[in-house]
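Right, one structure below, let's go through it.
Any value given below was found using the heavy atoms of this structure, including those in side chains, with hydrogens, waters and symmetry copies removed.
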Amino acid sequence: MTDIHPQSKHVCELLVIGGGINGVGIARDAAGRGLSVILCEKDDLASHTSSASSKLIHGGLRYLEYYEFALVRKALLEREDILRMAPHLVQPLRFIMPYLPGLRPRWMLRLALFLYDHLAPRQLLPGSRSLNLLKDSSKGVLRPDIRQAFEYSDAWVDDARLVVLNAVDAAERGATIWTRTCCEHLAQVNGRWHARLRRVHASGRTELIEVDAALVVNACGAWASQLQALYDPHPQAKHLRLVKGSHIVVKRLFAHQRAYIFQHHDGRIVFALPYEGEFTLIGTTDLDFQGDLNQPHISAAEVDYLCELASDYFDRPLHAADVCWSFSGVRPLIDEAGHDAKAVSRDYVLEMAQTQAPMLHVFGGKITTYRRLAEDAMQMLMPVLNATAGNWTRHACLPGGDLFCDRPDNQNVVRFPEFIAMCQHSYPFLDAAIVARMARAYGQRIHRLLAGISDHHDLGAPIVPGLYKCEIDYLRDTEFAQTAEDILWRRSKLGLHMSDDQQEQVRSWLQQNAAEI
């Protein structure tokens, strides 16, 4: 049913529209400064681009080729900060870069890695080195004629969970987070914004909400221009370039825990990452996109491209039939005329619109620099709101990141294996692999999830193997999850390990145990 009249009216200082990494990052930062914040997202958190990344917290080694030294330094500075903020979600990762004659020369790769090592200070991640693949422990993975490589450090992240934890922290600091809530109307009235939102609850009930906000943040990503059209019938063209990036997932191609970075003759690079224990993640492509932003899909040509490129390096050739899963996302990048999609800058631009009521547009960006983007955004917004609270996010853990101390600290990173072992000791009635998965997903908050549970009887029967009611309850009550897709593909990647029948079991259980959210 639909409520014909507005069900509720809300007043806030900041209305953030968009529940991707930039939107939740700004909402968290603002709430932590004491501002009244509402965030609305038309789908689930991280439904689109923010869950379709290459899952990396990295400086962007290849951007050095385009002389983007400032962007690389900014990202490198953020890399270890985010690792300390969320040591359960972000994990150090070593990359093997094979050298092939005829591509980028050896001297160029050495110089790039030297700069990468020294553009920003490092405490946790070791520097680069040369590898003899004939003597390395990874021997046998790549073609036998590939003998030389370089190795360097970056980090891996569960991107969708990073978004969710920022939203959880924002809510715990006072922000209102509404998922499946679309902004239908936006108007300027007496120097303030009046918005009409349509929220669909888990039960299917539709609620109309009016919001009166002092300031709006347009964090809609690829939908940014559509939001502008809500309040401006003749919007000035935004110089955005929509670029689709696609990834494929195949059964595990190598047993070790390092990743690969491959060059291609077209100048692109592609990653091959260990993924979810049983798989290898390969990507990404860069193609200009025109189509339905809600449903970007990988093309057959992209699948062939990634398989052929990987086959140029791996000893075992890959084919389209090997693909277990794929995903695509559309990145809104700042348009730079004459540049190929792969060369377009991943830096962000923050633009304060010249309107009666203030609005901040967020364009571009990458997941590694989201915290810095939010901080920069707040430097622009605070004077407009006559607020004075200072920066704080660099010195606060994300939920669950306080493994051994309550602030971002190196010991939380280096002692993470010890934390997993302690959790496994605390919950011996659970399979060790399940406890390890939960420790990585929830960090210190595994103890909230399993509070009051002391044996198998307390757990109850699993809904499907490895997934219990207590976890689903936690995800619905704390992490804004509503559907099976929210739980199996964004709050976790359990769907990748399940059959279609098992996924349907989860959907059926949720329907039978619907909760109003």
Side-chain angles (χ1 to χ4, degrees), residues 6 8-31 33-42 48-49 170 175-178 181-199 208-242 293 331-335 347-365 370 372-389:
S8 55
K9 296 183 179 181
H10 299 262
V11 178
C12 65
E13 291 168 290
L14 194 64
L15 172 62
V16 180
I17 304 177
I21 189 61
N22 292 333
V24 296
I26 291 171
R28 174 186 182 239
D29 195 325
R33 295 172 192 253
L35 300 178
S36 57
V37 180
I38 294 174
L39 179 143
C40 67
E41 159 58 43
K42 70 183 185 67
H48 301 286
T49 307
T176 298
I177 307 293
W178 286 325
T181 303
C182 180
C183 181
E184 293 186 327
H185 178 74
L186 196 60
Q188 302 170 73
V189 179
N190 297 325
R192 292 181 65 87
W193 289 103
H194 283 197
R196 185 176 68 243
L197 313 180
R198 180 180 295 270
R199 186 181 185 205
L208 297 181
I209 304 170
E210 286 186 356
V211 175
D212 179 338
L215 198 150
V216 167
V217 174
N218 175 4
C220 295
W223 287 265
S225 59
Q226 294 182 23
L227 178 70
Q228 187 181 14
L230 283 180
Y231 70 89
D232 185 353
H234 305 291
Q236 183 178 359
K238 297 294 182 185
H239 299 292
L240 288 183
R241 184 169 180 177
L242 302 182
L293 289 172
R331 296 179 290 250
L333 306 179
I334 307 303
D335 194 13
D347 209 350
Y348 55 82
V349 172
L350 304 174
E351 179 182 302
M352 189 68 79
Q354 299 301 311
T355 51
Q356 295 176 6
M359 174 180 284
L360 180 71
H361 296 285
V362 180
F363 301 122
Y370 89 92
R372 175 71 177 274
L373 179 153
E375 202 168 74
D376 289 348
M378 295 312 301
Q379 295 304 309
M380 299 176 68
L381 300 181
M382 295 294 280
V384 178
L385 295 170
N386 294 317
T388 58

Atom pair CE (Met380) and CD (Glu351), whose distance is rounded to the nearest 0.5 Å = 8.5 Å

Could you tell me which non-hydrogen atom of Leu39 sits nearest to which non-hydrogen atom of Ala27, and how far apart they are?
-> CD1-CB, 3.8 Å

Would you say Thr176 and His10 make side-chain contact, with heavy atoms under 4.5 Å?
-> no

Heavy-atom side-chain proximity of Lys9 to Asp212 below 4.5 angstrom = no

Polar side chain donor-acceptor pair, Asn22 to Tyr348, under 3.5 angstrom = no

Over all atoms of both residues, closest heavy-atom pair of Leu186 and Ala195 | CD1-CB, 3.6 Å

For the pair Arg196 (side chain) and His185 (backbone), establish whether a donor and an acceptor sit closer than 3.5 Å, ignoring hydrogens and angles.
-> no

Can you name the closest pair of heavy atoms from Ala353 and Tyr231 and give their distance?
-> CB-OH, 4.5 Å

From CZ (Phe363) to CG (Leu333), nearest 0.5 Å | 12.5 Å

Distance from Leu381 atom CG to Met352 atom CE, nearest 0.5 Å?
-> 5.0 Å

What are the two closest heavy atoms between Ala170 and Ile177, and how far apart are they?
-> CB-CD1, 4.3 Å

Which atom pair, heavy atoms only, marks the closest approach of Pro332 to Gly221?
-> CG-C, 3.5 Å

Exercise answer: donor-acceptor pairs, residues 213-220 side-chain atoms, under 3.5 Å, sequence neighbours excluded:
residue, atom, partner, partner atom, Å
Asn218, OD1, Cys220, N, 3.2
Asn218, ND2, Ala224, O, 3.1
Asn218, ND2, His361, ND1, 2.9

Taking only residues two or more places apart in sequence, or in another chain, which ones meet Glu13 in a salt bridge (charged side-chain N to carboxylate O under 4.0 Å, His left out)?
-> none

Working to the nearest 0.5 Å, report the span between CG of Asp29 and CZ of Arg372.
-> 12.5 Å

Student check: side-chain heavy atoms of Gln188 and Trp193 closer than 4.5 Å | yes

Nearest 0.5 Å please: distance from the CH2 atom of Trp223 over to the CG atom of Leu242.
-> 9.5 Å

Where at least one partner belongs to residues 216-225, residue pairs that pass salt bridge (charged side-chain N to carboxylate O under 4.0 Å, His left out), sequence neighbours excluded = none

Note: Leu14 and Ala30 closest approach over all heavy atoms is CD2-CB, 3.5 Å

Ile26 side chain reached by Leu373 side chain, heavy atoms, under 4.5 Å | yes

Heavy atoms, side chains only, cut-off 4.5 Å: are Leu35 and Met382 in contact?
-> yes

Heavy atoms, side chains only, cut-off 4.5 Å: are Met359 and Ile17 in contact?
-> no

Distance in Å, Glu184 CD paired with Ile209 CD1, rounded so as to fall on 0.5 Å steps = 10.5 Å

